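All values reported here derive from a predicted model rather than from experimental measurement. Letters A, B, ... mirror the listed sequences (proteins, then strands); counts begin at 1.
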There are 2 protein chains.
Amino acid sequence: MHPLTGDARLPRYQQLRDHMVMQIANNRWRPGEAIPTEAALAAEFDMSVGTVRKAVDVLVAEGVLERQQGRGTFIRRPQFQSSLFRFFRFETANGERVVPESRILAITAVPAPSAVAQALGLGAQAEVIRMQRIRLLGAQPVLAEEIWLPRQPFQALLEVDLDSKGPLLYPIYEHLCGQVVASAEETLTAEAVDAVHGRLLHLPADSPVVVIERLARDYAGKPLEWRRSRGHAQHFRYRIDIR
Amino acid sequence: MHPLTGDARLPRYQQLRDHMVMQIANNRWRPGEAIPTEAALAAEFDMSVGTVRKAVDVLVAEGVLERQQGRGTFIRRPQFQSSLFRFFRFETANGERVVPESRILAITAVPAPSAVAQALGLGAQAEVIRMQRIRLLGAQPVLAEEIWLPRQPFQALLEVDLDSKGPLLYPIYEHLCGQVVASAEETLTAEAVDAVHGRLLHLPADSPVVVIERLARDYAGKPLEWRRSRGHAQHFRYRIDIR
DNA sequence: GTTATATAGACATATATATGAATTTGAGGG
DNA sequence: CCCTCAAATTCATATATATGTCTATATAAC
């Protein structure tokens, strides 16, 4: 039994929620693992099971945890393959979803442009890794991405052959660099394609492209990656539910 | 004290939630009004306050109700001005948000095209109201909308001067037709503008436009309106949070 | 009449307890 | 070795109760 460290003026269930977010951010439990049972947490923090449940309710609503009746409560692994591919529908001729292949055009360490440094919360001339890649369906390019990462925790990316590790970057970040992407903010807009991206995407001049900018964060909210993706507008379809 | 009518195999808090959704859909309470207190509901349905709170929790999470400590629990009025204007940023030169004016180009009753009938859940040749309008910032058209409504509950719209009642339709639906929009689903995509909409929006050929299709429903989930809006891509910027 | 103050009403937090339902584990039987 | 079934574990539902906090209203003081 040990005490909560947070702001004692807050409700106890909020204190426990904050405490658990910290524990998750500090890797006390890994994604996919079970947290202690409600009874164990109640004993550990000397509160009733009802209060523990309320704290867990909040984290479930926030998408951090996932309950399974009879099994336990688990750290949820964010499903980012669904994120980008909720928007872009890449399908084969017979209609099944596919993840486009990845071809990396360049990956280098450079001083951060000011916009990137600001997005990632870095100092003015911090070193960042810049990656350019193309996503392809067969021979057809469908998405052009530029990706920026702080150099320090992601140094290892410069020393391996990324194309051999599959098209999804976030599992690579986790296994190679120990960085877990937990949430992201995206901004979405459309524009007429410029000359450079028209060539990359095999699009005629002035074709409409969708532009998605994404800032990905870890469990503690620290920015890990900033990227900008441009894709064919025909492939783009996004659905929103209001209220 | 009277019994719940729903499926008795469901948890009681779910039964109460379902019951209250029906009451709201049947206008037992209007948007903005307070529902009975937790103690009163507990007495009315012969359950504990804790169970009532859980049912209310669900409706609050769904955005149907809104709690105010010390005052009561209220039917939430959806804020749809924020919906479209979370996507499109219409601002004056000095940066303040504005709602574009509305000019209705046409409003007529016609047999429903099959796609519209399907979206609205109507029979094959049901009568619908078709409205075309342009949204303007000063002299500049920024949005072209086509709006489809089932004729029966919205007949009154054909008999008044809509342009004199301001640019927001949902308050008009509520006051003139007694129809309250409670939720909506939107689908978002981009395309190159066609000749007709290029003329309407004063855009050169092949400019990128964002297309938003919306199906609006009442509290019971019945479709009330289907619309398709096209707007300048430059004005469009949408932000999403993913976990 | 205006301003404090007290009170009542309503939701918020917290605990305790009992029972139900889904899952896992492990003992026995074949 | 495999299958079945019972028991233990864990979350889900439901109730009861006490106290705190916020709001609105009524009362008292000036």
Will you find, in the side chains of [X] and [Y], an N or O donor that is under 3.5 Å from an N or O acceptor?
| X | Y | value |
| --- | --- | --- |
| E225(A) | Y173(A) | yes |
| R133(A) | S102(A) | yes |
| Y170(A) | Q179(A) | no |

- Report, as a single string ordered 5' to 3', how protein heavy atoms within less than 4.0 Å touch nucleotides 10-18 of chain D: B base, S sugar-phosphate only, - not at all. BBBBSB---
- Separation of dT9(D) atom C1' from L41(A) atom CG, nearest Å, is 15 Å
- Query: Any salt bridge (Lys or Arg N to Asp or Glu O under 4.0 Å) pairs touching residues 152-168 of chain A, not counting sequence neighbours?
  - Reply: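 Residue pairs with at least one partner in residues 152-168 of chain A: there are none.
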- Item | Validation row: L16(B), F45(B) side chains within 4.5 angstrom (heavy atoms) | yes
